[in-house]
Structures are given as structure tokens and as C-alpha cells.
Novice: 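Got a structure here, written out as C-alpha cells. Questions coming.
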2 protein chains.
Amino acid sequence: MISSRQTQSVRLVWEVFDRSDTAYSVVELVQMHKGSMNKTTVYRILDRFEKEGKLHTFLGKNGLKWYAKCHNCSSKKHIDIHPHFQCNECGKVECLTIDVKIPKVAKHHIEQANMLLLGQCDECLI
Amino acid sequence: MISSRQTQSVRLVWEVFDRSDTAYSVVELVQMHKGSMNKTTVYRILDRFEKEGKLHTFLGKNGLKWYAKCHNCSSKKHIDIHPHFQCNECGKVECLTIDVKIPKVAKHHIEQANMLLLGQCDECLI
DNA sequence: CCTCTTATTGCAACTAGGTTGCAAATATAG
DNA sequence: CTATATTTGCAACCTAGTTGCAATAAGAGG
Ligand SMILES: [Mn+2]
Ligand SMILES: [Mn+2]
Ligand SMILES: [Zn+2]
Ligand SMILES: [Zn+2]
């Protein structure tokens, strides 16, 4: 499941994602593991998870990097090209399962489409 | 046309956008005006232009802030909700005139959709 | 034109996310 | 149990962007 060396830190970071399908910003993850590992280690472990196809990454509304679990990816193929949602009130981020068709643009070759929807989440709508 | 005080710096920054419809990153703009004004000034002028509805802003692929001219906006209403394209090879950014319909998401209120298309621009396709 | 008020600017210091080089620690193959 | 390669901590660094404050300069009104 977890390739390369299965260190204490690797296990701790993975557990967070294993427990739920929530997306986490690097800032949260560094904060969360403060005391048990260095921030550099968090960054490096996340990098490795991404290369291995365990996590995918995207940018939230202020350019912050977010990570979420992949479901059918490997180091060879990332198929997590889905839109993401971020709540303008609580800041929470979610992976969306809806399909977005990539628009065609004349004279351009489009390889990827990043879509970030902004608004209010279910909890903040009340 | 240009509200507030029309300083030397304000004129210089505006000229860049007035000349063409190119999008510019703040990094480029600061570099471009190095020698004639401080970077803080560039940031503040861009902020003002945005508030006044002259420029709109969005994030490029590395979370860098980009600015481009608005065409029918005012301080009251920004209607520049269009997708943007960034070339993976030369880094160039373009505003796209295509329409993207904002997807609906159950139990969420979507206010805005940010879309960044990545690929190769016309010049880099050769 | 001159004067006064207020918006704008420069500067230096700061914040925050993210990266790097290197020596020390540790997982794991054999 | 070793030997080796990977991973980690640390401290220093980088870059985009922000802030407080004193100095400067638009431009409105006289
Ligand atoms: Mn996702
Ligand atoms: Mn645009
Ligand atoms: Zn919310
Ligand atoms: Zn290009």
C-alpha cells in the first residue's frame, strides 16, 4: 500500500487521509503534525504520496496547496481531474464527483482543466 | 477614465494594460516598473484598478496573481467571469471568451467558478 | 498661481508558504 | 546483525505579498 520506506512519519500522515475523504491544506497538515515531525518532512511526504498516486493536489482560493486522497490512481496515471469546491465562509474544501467537459479553444492544445467552485457549503447555508 | 489621483505611477501602470489585452502577472509588472516605482506601489495601484473595475484578477498555475483588463466592468459590477488559459511551456496567460456554465452541486450554493485551462498556446504548438 | 488637505508613495521591516543542503538517524535488504 | 540507501531535522533561504509610517505630490478651492 505505502511504497518506499514506511517510517513513523509516513504512517502518521497517511492515517489522516486514510480516516476520511476530506481534503487538507498543507498548512493544516503541518499544524496537525507539529510536535511529531518537521514541516519539511510533511512537505516531502506529501510530494511522495502524490508521485505514488495516493494523493492529488490542487490550489484553493488563495493559492494555498490542498491534498486529497486519490481513488483509482497510480504513479503511472492520475485520473483525478475533477472540480473542487471551497466554501467562502468556513474555507472548507471538497472534491466534487461531477463531470466537467473540457472546452475546446481554437489553436490551443488543452491538456488539463482546473476548476474551483466557490460559494457556501451545506453547513454554512443554514 | 482613471479615477482618484492620476499620478505618474498610475499612468505608467495603466499604459501597459491600455496598449494590449495581454494578461500580466504581478511579478512581471513589478519587474517592468523597477526603477520608476516601488513594488509596493505596483501592488497598491493594481488593487485600486481592480476595485475600480478596470482590471480583473485571477490565479495562474502556481498560485501567482495575474491581472487583465476588464471590458464592461465598473466598481459596482465585475462581469469578467470567464475562464483563463495558461501555456505549460511558455507560461503565457490568456483570457478566454468562451462561456462556461456553472455546474450545480446539491446542498451547495455556488457563487463563482474559477477555471484555468492548461496546455500549449498557438506559438508553442509549432 | 498659491495653499491646504488628503491620497499616494517609498522604504524598510515583516509574514507566510514553500524549498534546499547537509549531516544525523533509521528502514530494510541480505 | 550489517551495510546501504532513504528519510529526517534543522537552519538557512527564497519569493510573493503586506504593513506602518513619514515624506511627497495631486488637485480642489481660493
Ligand atoms: Mn480532488
Ligand atoms: Mn480574464
Ligand atoms: Zn462552509
Ligand atoms: Zn506558449
Side-chain angles (χ1 to χ4, degrees), chain A residues 1-17 23-68 75 84 86 91 93 114 116, chain B residues 1-17 23-68 75 84 86 91 93 114 116:
Chain A
M1 184 76 209
I2 292 171
S3 83
S4 295
R5 297 196 180 173
Q6 190 167 342
T7 65
Q8 193 60 241
S9 303
V10 167
R11 249 175 278 124
L12 281 171
V13 175
W14 183 248
E15 270 173 24
V16 174
F17 290 95
Y24 296 95
S25 72
V26 187
V27 176
E28 287 174 294
L29 290 161
V30 166
Q31 169 61 36
M32 194 181 290
H33 293 100
K34 186 170 292 177
S36 60
M37 81 194 73
N38 191 272
K39 73 169 177 174
T40 312
T41 305
V42 178
Y43 278 99
R44 294 199 269 223
I45 289 175
L46 293 170
D47 271 3
R48 271 179 270 150
F49 281 167
E50 193 190 354
K51 277 193 204 96
E52 293 163 12
K54 296 195 188 59
L55 299 180
H56 63 279
T57 184
F58 52 94
L59 299 179
K61 63 174 168 166
N62 301 120
L64 265 206
K65 212 168 184 183
W66 289 75
Y67 283 89
S75 55
H84 293 92
Q86 182 159 24
V93 169
N114 293 345
L116 181 67
Chain B
M1 183 75 206
I2 291 172
S3 83
S4 294
R5 295 194 182 173
Q6 192 168 341
T7 65
Q8 194 60 243
S9 304
V10 166
R11 250 176 278 123
L12 282 171
V13 174
W14 182 248
E15 270 173 23
V16 174
F17 290 96
Y24 296 95
S25 71
V26 187
V27 176
E28 286 175 292
L29 291 162
V30 167
Q31 169 62 35
M32 193 180 289
H33 293 100
K34 185 171 294 179
S36 59
M37 81 194 73
N38 190 272
K39 73 169 179 174
T40 313
T41 305
V42 178
Y43 277 100
R44 294 198 269 222
I45 289 176
L46 293 171
D47 270 4
R48 270 179 273 151
F49 282 168
E50 193 190 354
K51 275 192 205 95
E52 293 163 10
K54 295 195 188 58
L55 299 181
H56 64 280
T57 185
F58 52 92
L59 299 179
K61 64 175 168 166
N62 302 120
L64 266 207
K65 213 169 183 181
W66 289 74
Y67 283 88
S75 56
H84 294 92
Q86 182 160 23
V93 169
N114 292 346
L116 182 67

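Protein chains get the first letters and strands the later ones, always in sequence-line order, with residue 1 at the start of each.
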Novice: Given atom CD of B/Glu52 and atom P of C/dA7, what is their separation to the nearest angstrom?
Specialist: 13 Å

Novice: Could you check whether any side-chain heavy atom of A/Val10 comes within less than 4.5 Å of a side-chain heavy atom of A/Arg48, counting everything from C-beta outward?
Specialist: yes

Novice: A side-chain contact here means heavy atoms from C-beta on lying under 4.5 Å apart; do B/Trp66 and B/Phe58 qualify?
Specialist: yes

Novice: Just how far, in rounded Å, is P of D/dT18 from CD of B/Glu50?
Specialist: 11 Å

Novice: Using the side-chain hydrogen bond (donor to acceptor under 3.5 Å, both in side chains) criterion, which residues pair with A/Lys51? Sequence neighbours excluded.
Specialist: none

Novice: Could I get the full list of ring pair (Phe, Tyr, Trp, His ring centres under 6.0 Å) partners for A/Tyr43, not counting sequence neighbours?
Specialist: none

Novice: Give the rounded distance in Å between these two atoms: CE of B/Met37 and P of C/dC11.
Specialist: 13 Å

Novice: Using whole Å, report how far CD of B/Gln31 lies from P of D/dG17.
Specialist: 15 Å

Novice: Could you tell me which residues satisfy side-chain hydrogen bond (donor to acceptor under 3.5 Å, both in side chains) with A/Thr40, sequence neighbours excluded, listed by chain and number?
Specialist: A/Asn38

Novice: Scan nucleotides 18-30 of chain C nucleotide by nucleotide, 5' to 3', and note B when protein non-hydrogen atoms come under 4.0 Å of the base, S if they reach only the sugar-phosphate, - if neither.
Specialist: BBBB----BBS--

Novice: Taking the side chain from B/Gln86 and the backbone from B/Gly91, do they hold a donor-acceptor pair closer than 3.5 Å?
Specialist: yes

Novice: Quick one: list whatever passes side chain to side chain contact (heavy atoms under 4.5 Å, CB included) with B/Ser9, sequence neighbours left out.
Specialist: B/Thr7, B/Met37, B/Thr41, B/Ile45

Novice: Of all the heavy-atom pairs spanning B/Leu59 and A/Lys61, show the shortest one and how long it is.
Specialist: CD1-O, 3.5 Å

Novice: The helix from C/dC1-D/dG30 to C/dG30-D/dC1: angle between its terminal axes, five pairs each, to 10°?
Specialist: 30°

Novice: Whole-Å distance between D/dT18 P and B/Asn38 CG?
Specialist: 14 Å

Novice: Calculate the interatomic distance between A/Tyr67 atom OH and C/dG17 atom P; express it in whole Å.
Specialist: 14 Å

